[in-house]
Engineer: 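The following block contains the structure, expressed as C-alpha cells.
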Amino acid sequence: LILWTSMLAAYARQGHTKEAEQLFGAMPVRDLVSWNTLLDAYGRNQCVRKARQVFDLMPEWDLVAWSLLLVAYARQGYLDNAKQVFDSMPLRDLVSWTSLLTGYSHQGSLRRAKMIFDLMPERNLVSWTALISAYALHGDFQHVRGLIGLLPELNIVTCNAILAAYVEENTISEARNLFAAMPHRNVVSCNVMLAGFAQTGDVQEAERLFSLMPEVDVVSWTSLLAVYGASFRVDKAMQTFELMPERNLISWNFMLAAYAQKGLLEETFQMFDSIPERN
RNA sequence: UCGUGAACUACACUGA
C-alpha cells in the first residue's frame with residue numbers, strides 16, 4: 001500500500017493526473033493517505049472540479065484532506081470557496097491557516113492575508129515567511145524590514161524570501177550581503193540572485209554566479225538567457241537557449257523577446273512558429 | 001523504521 005501510494009504521489013508531483021487516476025483505480029487496497037494523494041494529484045494540477053469529486057467520494061476526511069481541498073481552491077484563485085472550506089473544517093491547524101493566508105496574498109489581498117495572520121492562534125516560521133512574501137508582493141518593503149526583526153528563527157526558505165524582497169526592491173547590495181551571509185544556499189537562492197543581475201543587466205555577475213552554481217534548473221538557464229537578451233547579446237542568448245537541457249514556455253518567451261527587441265522580425269516569427277506548445 | 005497537505009525564485013497575456 002505504501003509503495004503504491006508513493007508512486008501515486010510521484011505522479012501527482014509530476015502532473016501526471018491520468019496515470020495517477022489509473023494507478024488509484026488499480027490499487028487493491030486504499031486508505032486515507034492514498035485518497036488524499038489522489039485528491040492532491042487533481043488539486044495541484046488545476047483540476048479543482050475533480051478534486052472536489054474525490055473529496056466527496058472519500059470515505060472519511062482528516063486535516064490533510066481538508067487542507068488539500070482548501071489549497072486546490074486557493075491555487076485556482078477561488079478564495080471564496082477556499083474560505084468556505086476553511087470555515088467548514090471541523091478542526092484547523094497551522095497548515096490550514098497558512099494556506100488561506102497565502103491564498104489571499106497571491107490573490108493580491110494583503111489586507112486579508114494580514115488579518116488571517118493576526119487571527120491565527122499560533123504561528124511558525126512558515127506563517128511568518130508567508131507574511132513577508134505577502135508584503136514583498138505588495139511592494140511594501142518597509143514592513144518586510146520590520147518583520148525581519150521579529151522572526152523567531154531563520155531557515156533557507158525564509159532567507160530566500162527576504163532575498164527576493166531585496167531583489168524586487170532593487171537593493172542589490174543588500175541582497176548580495178544576505179546571500180553571502182547565508183549559512184546555506186540552494187538553487188532558489190541562486191536563481192533569486194540571477195534574477196537580480198538580470199534586472200540590473202549585470203551580465204558578468206550573472207555568468208560568474210551561473211558558472212559557480214553546483215546545480216542549475218530551467219529557471220537558472222532561463223535567467224541567464226534573459227540577461228543576454230536584455231543586453232542585446234542575441235547570439236549568446238541563442239547559444240544558451242540551445243544548450244539548455246529543457247525549455248519551457250517562459251524560456252521561449254525570453255528568446256522571442258531577445259529577437260524582437262533587436263528588431264529581428266523574421267527570426268522572431270520563425271521562432272514563434274517553432275514553439276512546440278503555445279499559449 | 002515507512003507513503004499524503006501550508007511558506008521562497010524567472011516571462012507575457014487576460015480577467016476582477
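Predicted model only: the values in this text are computed from it and were never measured. Every chain is numbered from 1, with letters handed out A, B, ... down the list of sequences.
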Engineer: Separation of A/Arg13 atom CZ from B/G3 atom C1', in whole Å?
Structural biologist: 9 Å
Engineer: Would you indicate what A/Leu249 reaches in the nucleic acid, counting non-hydrogen atoms under 4.0 angstrom: base, sugar-phosphate, or nothing?
Structural biologist: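 Nothing: the residue A/Leu249, judged by heavy atoms under 4.0 Å, touches no strand.
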Engineer: Kindly indicate whether the side chain of A/Ser6 and the base of B/G3 share any N or O donor-acceptor pair separated by less than 3.5 Å?
Structural biologist: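 Checked by distance alone, the answer is no.
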Engineer: Could you state the OH-C1' distance from A/Tyr11 to B/U4, rounded to the nearest angstrom?
Structural biologist: 17 Å
Engineer: Rounding to a whole Å, what distance do you find between A/Tyr166:OH and B/U9:P?
Structural biologist: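 Atom-to-atom, A/Tyr166 to B/U9, this comes out as 16 Å.
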Engineer: Can you sort out the partners of A/His143 under ring-ring contact (aromatic ring centres under 6.0 Å, His included), two or more places apart, ordered by chain and number?
Structural biologist: A/Tyr135
Engineer: What does A/Asp62 touch in the nucleic acid at a heavy-atom separation under 4.0 angstrom: a base, only the sugar-phosphate, or nothing?
Structural biologist: nothing
Engineer: Would you say A/Arg44 places a side-chain N or O within less than 4.0 Å of OP1 or OP2 belonging to B/A6?
Structural biologist: yes
Engineer: What is the distance, to the nearest angstrom, from the CG atom on A/Asn191 to the C1' atom on B/A10?
Structural biologist: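 After rounding, the gap between these two atoms is 8 Å.
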Engineer: In a table with atom names and distances, give each donor-acceptor pair under 3.5 Å that connects a side chain of residues 68-86 of chain A to protein atoms at least two apart or in another chain.
Structural biologist:
unit_1	atom_1	unit_2	atom_2	d
A/Lys83	NZ	A/Asp87	OD1	3.2
A/Lys83	NZ	A/Asp87	OD2	2.8

Engineer: Ignoring the backbone of A/Val33, work out which of B/C11, B/A6, B/G3 is nearest its side chain.
Structural biologist: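 Selected nucleotide (nearest to the side chain): B/G3.
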Engineer: Could you tell me how far apart A/Met193 (CE) and B/U9 (C1') are, to the nearest whole angstrom?
Structural biologist: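 A/Met193 atom CE is separated from B/U9 atom C1' by 12 Å.
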Engineer: Closest approach to the side chain of A/Ser133, judged atom by atom: which nucleotide of B/A10, B/U9, B/C8 is it?
Structural biologist: B/C8
Engineer: For a quick check of understanding: with a heavy-atom distance under 4.0 Å over all strands, which category does A/Asp217 fall into, base, sugar-phosphate or nothing?
Structural biologist: nothing
Engineer: Is there a side-chain polar atom (N or O) of A/His184 under 4.0 Å from OP1 or OP2 of B/C8?
Structural biologist: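 No, because none of the side-chain N or O atoms of A/His184 sits under 4.0 Å from OP1 or OP2 of B/C8.
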Engineer: Less than 6.0 Å separating the ring centroids of A/Trp35 and A/Phe55?
Structural biologist: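 No, the ring centres sit 6.0 Å or more apart.
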Engineer: Which of the following nucleotides, B/U4, B/A7, B/C8, is nearest to the side chain of A/His106?
Structural biologist: B/C8
Engineer: Taking only distance into account, with no hydrogens and no angle test, what donor-acceptor pairs under 3.5 Å do side-chain atoms of residues 253-271 of chain A form with protein atoms, sequence neighbours excluded?
Structural biologist:
unit_1	atom_1	unit_2	atom_2	d
A/Thr268	OG1	A/Ala260	N	3.4
A/Thr268	OG1	A/Leu264	O	2.7

Engineer: What contact category does A/Thr129 fall into here, base, sugar-phosphate, or nothing, at under 4.0 angstrom with non-hydrogen atoms?
Structural biologist: base
Engineer: Find the distance A/Met182:CE to B/U9:C1' and express it as a whole number of Å.
Structural biologist: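 Whole-Å distance recorded here is 11 Å.
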Engineer: In this structure, how many angstroms lie between the C1' atom of B/U9 and the CG atom of A/Leu209, rounded?
Structural biologist: 12 Å
Engineer: Among all residues two or more places apart in sequence or in another chain, which pass the side-chain contact (heavy atoms from CB on, under 4.5 Å) test with A/Thr240?
Structural biologist: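 With neighbours one apart ignored, the set is A/Trp221, A/Leu224, A/Leu225, A/Tyr228.
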Engineer: Below 4.5 Å, heavy atoms only, C-beta onward: do A/Phe210 and A/Ser223 meet side chain to side chain?
Structural biologist: no
Engineer: Which of these nucleotides, B/A6, B/C8, B/A10, is closest to any side-chain atom of A/Thr98?
Structural biologist: B/A6
Engineer: In residues 76-95 of chain A, what residues come within less than 4.0 Å of RNA chain B, judged by heavy atoms?
Structural biologist: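 The answer is A/Asp93, A/Leu94, A/Val95.
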Engineer: Looking only at side-chain atoms of A/Asn160, point me to the closest of B/A10, B/A6, B/C8.
Structural biologist: B/C8
Engineer: Could you give the CG-to-P distance, from A/Asn170 to B/U9, as a whole number of Å?
Structural biologist: 17 Å
Engineer: If you check the A/Val219 side chain, which of B/U9, B/G5, B/G3 turns out closest?
Structural biologist: B/U9
Engineer: With sequence neighbours left out, what residues match A/Phe117 under ring-ring contact (aromatic ring centres under 6.0 Å, His included)?
Structural biologist: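 Only A/Trp128 meet the ring-ring contact (aromatic ring centres under 6.0 Å, His included) criterion with A/Phe117.
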Engineer: For residues A/Thr171 and A/Glu169, is any side-chain donor paired with an opposing acceptor at under 3.5 Å?
Structural biologist: yes
Engineer: Name the nucleic acid region contacted by A/Leu3, choosing base, sugar-phosphate or nothing; use a 4.0 angstrom heavy-atom cut-off, strictly under.
Structural biologist: nothing
